[in-house]
Novice: 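The following block contains the structure, expressed as structure tokens.
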Amino acid sequence: MRKVKVAVIGAGSISDMHMQSYQNNEKAELYAVVDFNEERAKEKAEKFNARTYYCRLEDVFANEEIDAVSICTWNNTHAEISIAALNAGKHVLLEKPLSTSVESALEIEEAVKRSGKVLQVGFVRRYDTNAQLLKQFIDAGDLGDIYYAKASCLRRLGNPGGWFADKERSGGGPLIDLGVHVIDLCWYLMGCPKVKTVSGNTYNKLGNRANVKNLSFYKAADYDPGKNTVEDLANAIIRFENGASLMVDVSYTLHAKKEELSVKLYGDKGGAEVEPQLSIVTEKHDTILNVSPQIDKLSFDFKQGFQNEIDHFISSVLGEKETLSPVQDGVEMMKILCGIYESAQQGREIEY
Ligand SMILES: NC(=O)c1ccc[n+]([C@@H]2O[C@H](COP(=O)([O-])OP(=O)(O)OC[C@H]3O[C@@H](n4cnc5c(N)ncnc54)[C@H](O)[C@@H]3O)[C@@H](O)[C@H]2O)c1
């Protein structure tokens, strides 16, 4: 069997999850690790037994042996790198968010159509075992018509620093970084309804709080506590054309008592929580029931989520499956995220 040869571009913090998952997939071969930081590319290539490493993207695109790339670089490079990869005939797994603007997102979509290659957006939470389990219940009609969803991802100390804190390279703060996951998960489980309006607020009150001691958090490979140009809190209400609505709040830092991750959906036949624990709420014989699925892990399994995502990508490249997170969903998500930033900046609701 010929294995799918993959190059992982961007050898920072999240790339480990990609490389490890390719290593575990018997239909894939981690062929190359790529980073303009040579030391980092070399070190990761050795650690994950890649055949080689590169510092120049042209070398990856020129290598005809490479079938696919995983792009794990700064958000502002996603469009340029993915379009160049598609133009070179490579399949692409692109980390979230798709890009940093609607215009560049649409350019990626055009490049996907032109190339005929697979592009999977790194909406890892869609590939979570629990999300897929709940989707089965939703598709079977157990929640009925989902008309309201609510998601929070509140870090009290969690600005990853480096490029994440630099709006030029990230496109924004917790909204584009964390909000993208929870908004997308709700939207996906609601059946991807068309967006009608968004109204949002962003706040830049607390900075990155690099002064806080004795509490650890996720950091970019080039963590730099000095500079911060992104919001530290965002909230929004999103209205859909089918009348459903979604409320969300996300933070890098907030004077909250503890971290919070919650994803909740409410329908006319039942409700569900994906986070902090999977559970389903229903009614039977005039009684409200909280149903607790008897499964190994009731919340998101980071490692398994990435493994599922990468296994699905490889199957899509081999033509065995359709990706669960196609480029057009990445474009819609960019419209929502950019709409929220625009609404916050203008202090009014945005209509689509
Ligand atoms: N799915 C998830 O849960 C998840 C979690 C964290 C990060 N991410 C996404 O993954 C991407 C990377 O995040 P990270 O935390 O690994 O960042 P990071 O800063 O740790 O790593 C990024 C790496 O990319 C390299 N790089 C940047 N531009 C490059 C270019 N043009 N050519 C070659 N190398 C380049 C940098 O040198 C660095 O090593 C981001 O888009 C982020 O949003 C996703």
Novice: Does the separation of the ring centres of F306 and H18 fall below 6.0 angstrom?
Specialist: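 Yes - the distance between ring centres of F306 and H18 falls below the 6.0 Å cut-off.
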
Novice: With a sphere of 6.0 Å drawn around NZ of K150, does it hold more than 12 non-hydrogen atoms of other residues, nucleotides or ligands?
Specialist: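 Check fails, neighbour count at 12 or below.
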
Novice: Ignoring hydrogens and geometry, is there a side-chain-to-backbone donor-acceptor pair from S152 to L261 under 3.5 Å?
Specialist: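 No; judged by distance alone, with no hydrogens or angles, the pair does not exist.
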
Novice: What's the shortest heavy-atom distance between I108 and V327, and which atoms?
Specialist: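 Answer, listing the atom of I108 first, then V327: CG2-CG2, 4.1 Å.
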
Novice: Does E241 CD have over 12 foreign heavy atoms under 6.0 Å away?
Specialist: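 Buried by this count: over 12 neighbours within 6.0 Å.
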
Novice: For S299 and P276, which heavy atoms make the closest approach, and how far apart are they?
Specialist: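 Taking S299 first and P276 second, the nearest heavy atoms are CB-O, 3.2 Å.
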
Novice: So which heavy atom on G10 is nearest to which on S15, and how close?
Specialist: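 Taking every non-hydrogen atom into account, O-CB, 3.1 Å.
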
Novice: Determine whether a donor-acceptor pair (N or O, by modelled atom type, separation under 3.5 Å) exists between the side chain of R348 and the backbone of S343.
Specialist: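 No, because the side chain of R348 does not come within donor-acceptor range (under 3.5 Å) of the backbone of S343.
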
Novice: Do Y252 and N228 meet the criterion of a side-chain donor-acceptor pair at a distance under 3.5 Å?
Specialist: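 Note: Y252 and N228 side chains miss the donor-acceptor criterion.
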
Novice: Any side-chain heavy atom of L265 within less than 4.5 Å of one from M190?
Specialist: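 Result yes, sub-4.5 Å side-chain heavy-atom pair found.
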
Novice: Is it the case that the side chain of E38 and the backbone of C55 share a donor-acceptor pair, with hydrogens and angles ignored and the cut-off at 3.5 Å?
Specialist: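 No, the answer is negative, given that no donor and acceptor are paired below the 3.5 Å cut-off.
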
Novice: Taking the side chain from T323 and the backbone from S325, do they hold a donor-acceptor pair closer than 3.5 Å?
Specialist: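 Yes, because the side chain of T323 sits within donor-acceptor range (under 3.5 Å) of the backbone of S325.
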
Novice: Using a 6.0 Å cut-off, check whether atom NZ of K297 has over 12 heavy atoms from anything other than its own residue.
Specialist: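 Atom NZ in K297 is packed in, count exceeds 12.
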
Novice: Would you sort out whether N24 and Q20 count as a side-chain hydrogen bond (donor to acceptor under 3.5 Å, both in side chains), showing the intermediate values?
Specialist: CA-CA 6 Å; N24 292 337; Q20 173 181 305; over 6 Å; no

Novice: For E322, does the CD atom sit with more than 12 other heavy atoms under 6.0 Å from it, leaving out its own atoms?
Specialist: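 Open: at most 12 neighbouring heavy atoms sit under 6.0 Å from CD of E322.
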
Novice: Are the side chain of R126 and the backbone N or O of L324 linked by a donor-acceptor pair below 3.5 Å?
Specialist: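 Yes; at least one donor-acceptor contact below 3.5 Å.
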
Novice: Do D35 side-chain atoms and A11 backbone N/O form a donor-acceptor pair below 3.5 Å?
Specialist: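 Yes.
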
Novice: Could you state the interatomic distance from CD1 (I9) to CD1 (I71), rounded to the nearest 0.5 Å?
Specialist: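 Output value for this atom pair is 5.0 Å.
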
Novice: Per the side-chain contact (heavy atoms from CB on, under 4.5 Å) rule, which among I81, L86, N87 passes with F61?
Specialist: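 Result: among I81, L86, N87, I81 is the only option passing the side-chain contact (heavy atoms from CB on, under 4.5 Å) with F61.
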
Novice: Within the side chain of S251, is there an N or O that forms a donor-acceptor pair under 3.5 Å with the backbone of R155?
Specialist: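 Yes: the side chain of S251 pairs with the backbone of R155.
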
Novice: Taking CD in E320 as the centre, count heavy atoms belonging to other residues, nucleotides or ligands within less than 6.0 Å. Is the count above 12?
Specialist: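 Yes, enclosed.
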
Novice: Nearest 0.5 Å, please: how far is CG in N201 from CG in L175?
Specialist: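 If I round to the nearest 0.5 Å, the distance is 11.0 Å.
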
Novice: Give a yes or no on this: more than 12 heavy atoms of other residues, nucleotides or ligands lie within 6.0 Å of atom CD1 of I295.
Specialist: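 Counting other residues, nucleotides and ligands, CD1 of I295 exceeds 12 neighbours.
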
Novice: What are the two closest non-hydrogen atoms of I340 and A236, and how far apart are they?
Specialist: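 Heavy-atom minimum between the residues: CD1-CB, 3.6 Å.
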
Novice: I'd like to check V69 versus L93 (side-chain heavy atoms, cut-off strictly below 4.5 Å). Are they in contact?
Specialist: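 Contact flag for V69/L93 side chains = no.
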
Novice: Taking N76 for the side chain and T100 for the main chain, is one N or O donor matched with an acceptor at less than 3.5 Å?
Specialist: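 No, the answer is negative, given that no donor and acceptor are paired below the 3.5 Å cut-off.
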
Novice: Tell me if a side-chain donor or acceptor on H91 pairs with a main-chain N or O of V118 at a distance below 3.5 Å.
Specialist: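 Looks like yes, one N/O pair under 3.5 Å.
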
Novice: Under the ring pair (Phe, Tyr, Trp, His ring centres under 6.0 Å) definition, can you give me all pairs with a residue in residues 268-301, not counting sequence neighbours?
Specialist: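 Ring pair (Phe, Tyr, Trp, His ring centres under 6.0 Å) check on residues 268-301 returns no pairs.
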
Novice: Please tell me if the side chains of H255 and R156 come closer than 4.5 Å, counting only heavy atoms from C-beta onward.
Specialist: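 With C-beta onward as the side chain, the pair stays apart.
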
Novice: State the CG-OG1 distance between L57 and T73, to the nearest 0.5 angstrom.
Specialist: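 Between atom CG of L57 and atom OG1 of T73 there are 8.0 Å.
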
Novice: So with a 6.0 Å cut-off around CD of E39, is the heavy-atom count from everything else above 12?
Specialist: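 Incorrect, the count does not exceed 12.
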
Novice: Side chains of S70 and Y22: is there a donor and an acceptor less than 3.5 Å apart?
Specialist: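 Their side chains do contain a donor-acceptor pair, which is all the 3.5 Å distance test asks for.
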
Novice: Just wondering, more than 12 heavy atoms not from E349 lying within 6.0 Å of its CD?
Specialist: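 Atom CD in E349 is crowded, with more than 12 foreign heavy atoms closer than 6.0 Å.
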
Novice: Taking T229 for the side chain and A165 for the main chain, is one N or O donor matched with an acceptor at less than 3.5 Å?
Specialist: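 Pair found, side chain donor or acceptor close to backbone of A165.
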
Novice: Could R209 and D232 be called an ion pair, given the rule that one side-chain N must be under 4.0 Å from one carboxylate O?
Specialist: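 Salt bridge absent between R209 and D232.
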
Novice: Tell me which one of Y53, Y54, W74 satisfies ring pair (Phe, Tyr, Trp, His ring centres under 6.0 Å) with F36.
Specialist: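 Answer after filtering Y53, Y54, W74: W74.
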
Novice: Is K205 close enough and on-axis enough to Y203, meaning under 6.0 Å and within 45°, for cation-pi?
Specialist: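 No - K205 does not lie over the ring of Y203 by the 6.0 Å and 45° rule.
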
Novice: Mind checking what makes salt bridge (charged side-chain N to carboxylate O under 4.0 Å, His left out) contact with K3, not counting sequence neighbours?
Specialist: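 K3: no salt bridge (charged side-chain N to carboxylate O under 4.0 Å, His left out) contacts found.
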
Novice: Between Y341 and E231, is any side-chain donor less than 3.5 angstrom from a side-chain acceptor?
Specialist: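 Judged by distance alone, the side chains do pair up.
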
Novice: In the structure I gave you, are the side-chain heavy atoms of I183 and L337 within less than 4.5 Å of one another anywhere?
Specialist: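 The answer is yes, as the side chains (C-beta and beyond) meet within the 4.5 Å cut-off.
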
Novice: Would you say that I66 contacts V6 through its side chain, given a criterion of any heavy-atom pair below 4.5 Å between the two side chains?
Specialist: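 No - every pair of side-chain heavy atoms lies 4.5 Å or more apart.
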
Novice: Can you list the steps and then say if D67 with Y31 is a side-chain hydrogen bond (donor to acceptor under 3.5 Å, both in side chains)?
Specialist: CA-CA 10 Å; D67 304 296; Y31 184 100; over 6 Å; no

Novice: In Å and rounded to the nearest 0.5 Å, what is the CE to CG distance from M19 to L30?
Specialist: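 That separation rounds to 6.5 Å.
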
Novice: Does the structure place the NZ or CZ of K135 under 6.0 Å from the centre of the six-membered ring of Y188, at an angle of no more than 45° from the ring's axis?
Specialist: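 Here K135 passes the 6.0 Å and 45° test against Y188.
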
Novice: Given the rule that I, L, V, M, F, W and Y join up when any side-chain heavy atoms are under 4.5 Å apart, are L154 and F164 in one cluster?
Specialist: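 No, no single cluster joins them.
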
Novice: State which residue, out of M333, E309, H181, E95, fulfils the side-chain contact (heavy atoms from CB on, under 4.5 Å) condition with F123.
Specialist: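 The option that passes is M333.
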
Novice: Between V248 and N235, is there a side-chain heavy-atom distance shorter than 4.5 Å?
Specialist: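 They are not in side-chain contact.
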
Novice: Can you confirm whether E43 sits close enough to N37 that some side-chain heavy atom of one is under 4.5 Å from a side-chain heavy atom of the other?
Specialist: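 Result no, sub-4.5 Å side-chain heavy-atom pair not found.
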
Novice: Quick one: closest heavy-atom pair of C338 and S101, and the distance?
Specialist: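 Where C338 meets S101 most closely, the heavy atoms are SG-CA, 4.0 Å.
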
Novice: Test the K44-F48 pair against the cation-pi criterion, namely NZ or CZ under 6.0 angstrom from the six-membered ring centroid and within 45° of the ring axis.
Specialist: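 No, cation not above the ring by the 6.0 Å, 45° rule.
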
Novice: Run the numbers on D128 and Q132 for side-chain hydrogen bond (donor to acceptor under 3.5 Å, both in side chains), then give the verdict.
Specialist: CA-CA 6 Å; D128 171 34; Q132 285 305 317; over 6 Å; no

Novice: About how many Å separate CZ of R114 and CD of E109, when rounded to the nearest 0.5 Å?
Specialist: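 Answer rounded to 0.5 Å: 12.0 Å.
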
Novice: Apart from I237 itself, what residues make up its hydrophobic cluster, given side-chain heavy atom links below 4.5 Å?
Specialist: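 Same cluster as I237: Y147, Y148, M247, Y266.
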
Novice: So, taking the atom named CD in E273 and the one named CG in N290, what distance separates them when rounded to the nearest 0.5 Å?
Specialist: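 CG of N290 is found 8.5 Å from CD of E273.
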
Novice: Is any side-chain N of the basic residue among R51 and E65 closer than 4.0 Å to the acidic one's carboxylate O?
Specialist: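 Between E65 and R51 there is a salt bridge, with a charged N closer than 4.0 Å to a carboxylate O.
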
Novice: Inspect the contact between D311 and K27 and indicate whether a charged nitrogen and a carboxylate oxygen are less than 4.0 angstrom apart.
Specialist: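 Looking at D311 together with K27, the answer is no, because their closest N to O distance does not fall below 4.0 Å.
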
